[in-house]
Every structure is written in structure tokens, then in C-alpha cells.
Amino acid sequence: CLNTSELDWRISAGGAYNVNQVVSVGKGDFSGRAVGRDIFCTCNSLGLPVSSLYGYRSDKDGNYLDVTGEGVVSEADKTILGNAIPKYTAYIGTVLKWKGLMLDVRLDGAAGFQIANINNLVKDGKTDTSGKIALSSRYVEDGDFLRLGVVAVSWSIPNKIKWLSDVTLNLCAKNLLTVSKYSGWNPDVNSFGINALSSGLDYGSYPAQKSV
């Protein structure tokens, strides 16, 4: 914080670190939530993080790998492919006031998590030996992102009109820029709302709304 007779500059920041572990499960927890045509992509398993992404490992061509070494790909080859809940979330913001001008900027982001791109999975229609579409590592992507969440500028125009107390011009823009390697619309995706069995699933989502 810097404060003088003409200048007021404040910086704020915050963050969180999340580590979680399943200690008890019920019937159906391991299968996770079904999306589309009974595509199960997540599981809750003892000792693992909530809503772990679950499916087959695949090669660069999308072919499922025989993880168990039995010579055939089966349900037994499914394994944990990622964690859908961010380990790190943070933001930093600054407000600068100088005479009648004000600038407000905020950045936010998250890291240490993966996203299941169900949109691409369903589009490709890759099936396992049972004929079902199943999640594979080909459709699991890093979700880390940094977003320019808010940029706001205001100007309090000098006013000498007695009956007019204040004249201020404001311009505010939200979600102008997101830096991420994720190929989908929005790395901060939550297609099925708040549900421990469906975090990190991108299926029919919309882009983050930009506004000015």
C-alpha cells in the first residue's frame, strides 16, 4: 500500500492449496458419473483425491494400452489419469488512484489439475473391446490457466456546476484474456455443477463470457 496526498496504490493477493483424500466410499462411487452414452470418466477410490479421472492409457494414435500385461485390453487396464480438482488457486489485484483517475486490475488462476475433454471423446467415438466409449489419456489435458479477470478505469471529471455533485466516466472489461494450454473453450469448466463425481468434465460447455 502506497498513499500520498495525490496517489493511492494498493495491492492485494490471496491463494489456496488443496489436498484431499477419499476415506470412505459407497456403492457406485468408483464408477463415477455417467455422461453422454454411459461414458464413465471419474471415480472415488480409497486413498485417492475426490473425482479422480479414470480410464485407459493410450498411445499417440489413441489406441488403448495393455497396462496389466495380460495380452488383451479389458476393464482391468483402466487406471487413474489425473486429478480434476486444482491443487493451487490464486489471485492478485491492484487498485491505483491518482487525482481523479482510478485503475483496477485483477488476475486469477489455478494449477495442478486436469480436464477430461468429453467433447472430443464423443466426437471421435473411440470404443473399447466391449463396444463402449471410454475415457483415455488422449482426452485428458492440463487445466492450468491464468486469466485477466477484470480491468476497470474511471475518471472523475472536474466539475464546477453547483447543482451537479459528480461526473464520472467508467469503463470495465471482464475475462479479456485467458492463458492456457487447454484446447477447449474454458479451462475453468464445470459442466455438471458442484458434484464430487463430475468435477473437471468438459461436455457441452460454453466459453467464458467476455464483457465490456
Side-chain angles (χ1 to χ4, degrees), residues 17-89 109-146 178-205 207:
Y17 174 63
N18 174 39
V19 174
N20 67 87
Q21 185 181 84
V22 176
V23 296
S24 177
V25 296
K27 183 179 180 181
D29 277 342
F30 197 77
S31 296
R33 176 164 182 166
V35 298
R37 291 169 286 178
D38 292 332
I39 306 166
F40 291 95
C41 304
T42 63
C43 72
N44 281 334
S45 182
L46 290 176
L48 296 177
V50 173
S51 191
S52 293
L53 299 178
Y54 180 68
Y56 295 100
R57 296 209 175 275
S58 62
D59 59 21
K60 62 181 181 179
D61 296 319
N63 299 312
Y64 301 147
L65 300 180
D66 176 18
V67 176
T68 60
E70 296 176 343
V72 63
V73 175
S74 67
E75 287 281 333
D77 292 301
K78 287 187 175 181
T79 185
I80 301 302
L81 302 177
N83 178 18
I85 299 177
K87 288 185 178 179
Y88 311 95
T89 55
F113 72 108
Q114 288 74 43
I115 300 169
N117 194 331
I118 311 301
N119 301 304
N120 289 345
L121 171 62
V122 172
K123 180 178 67 176
D124 291 349
K126 175 70 175 177
T127 60
D128 59 16
T129 54
S130 66
K132 295 181 179 179
I133 297 178
L135 180 66
S136 72
S137 55
R138 181 176 183 173
Y139 304 99
V140 175
E141 305 181 39
D142 286 337
D144 300 5
F145 71 90
L146 178 65
T178 300
V179 179
S180 174
K181 293 182 179 180
Y182 180 56
S183 64
W185 287 117
N186 179 21
D188 190 18
V189 66
N190 196 11
S191 293
F192 297 95
I194 301 174
N195 188 308
L197 287 178
S198 56
S199 297
L201 304 185
D202 187 355
Y203 189 48
S205 64

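All values derive from a computational prediction rather than experimental measurement. All residue numbers in this chain count up from 1 along the given sequence.
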| request: Mind listing the closest non-hydrogen atom pair of Asp144 and Ser180 along with its distance? | output: O-OG, 3.0 Å
| note | With sequence neighbours left out, the residues meeting side-chain hydrogen bond (donor to acceptor under 3.5 Å, both in side chains) with Ser137 are Ser58
| What heavy-atom pair brings Glu141 and Lys181 nearest, and what distance separates the two atoms? | OE1-O, 4.2 Å
| request: With sequence neighbours excluded, tell me which residues meet ring-ring contact (aromatic ring centres under 6.0 Å, His included) with Phe145. | output: none
| query | Can you tell if the side chain of Asn186 reaches within under 4.5 Å of the side chain of Ser205, non-hydrogen atoms only? | reply | no
| Sub-4.5 Å side-chain heavy-atom contact between Thr79 and Tyr54 | no
| note | Sequence neighbours excluded, the answer for side-chain hydrogen bond (donor to acceptor under 3.5 Å, both in side chains) partners of Asp59 is Asn63
| task | State whether the side chain of Asn83 and the backbone N or O of Gln114 hold a donor-acceptor pair below 3.5 Å, judged by distance alone. | result | no
| message | Just verifying a value: how many Å separate Trp185 CH2 and Asn119 CG, rounded to the nearest 0.5 Å? | response | 10.0 Å
| said: Are Leu65 and Ser136 packed together at the side-chain level, in the sense that at least one heavy-atom pair is separated by less than 4.5 angstrom? | reply: no
| Main-chain N/O of Leu201 paired with Ser191 side-chain donor or acceptor, under 3.5 Å | yes
| field | Lys78: partners by salt bridge (charged side-chain N to carboxylate O under 4.0 Å, His left out), with sequence neighbours left out | value | Glu75
| task | Using the ring of Tyr64 (Phe, Tyr or Trp, six-membered ring only), decide whether Lys126 places NZ or CZ under 6.0 Å from its centre and within 45 degrees of its axis. | result | yes
| query | Which pair of heavy atoms, one from Ser183 and one from Asn120, lies closest together, and at what distance? | reply | OG-ND2, 4.1 Å
| query | Atom CZ of Phe113 and atom CG of Asn18: how far apart are they, to the nearest 0.5 Å? | reply | 12.0 Å
| task | Work out which heavy atom in Gly125 is nearest to a heavy atom in Ile133; give both atom names and the distance. | result | CA-CD1, 4.1 Å
| salt bridge (charged side-chain N to carboxylate O under 4.0 Å, His left out) partners for Asp188, two or more places apart | Arg147
| query | Cut-off 3.5 Å, side chains only: do Asp66 and Thr68 have a donor facing an acceptor? | reply | yes
| request: Flag the pair Leu135 / Leu121 as yes when at least one side-chain heavy-atom distance between them is below 4.5 Å, and no otherwise. | output: yes
| request: Please round to the nearest 0.5 Å and tell me the distance separating atom CG of Asn117 and atom SG of Cys41. | output: 10.5 Å
| request: List the atom of Ile80, the atom of Cys43, and the distance in Å for their closest heavy-atom pair. | output: CD1-SG, 3.6 Å
| field | Spacing of Leu81 atom CG and Ser52 atom OG [to the nearest 0.5 Å] | value | 9.5 Å
| Any residue meeting side chain to side chain contact (heavy atoms under 4.5 Å, CB included) with Ala84, in chain and number order, not counting sequence neighbours | Ser51, Leu53, Ser199
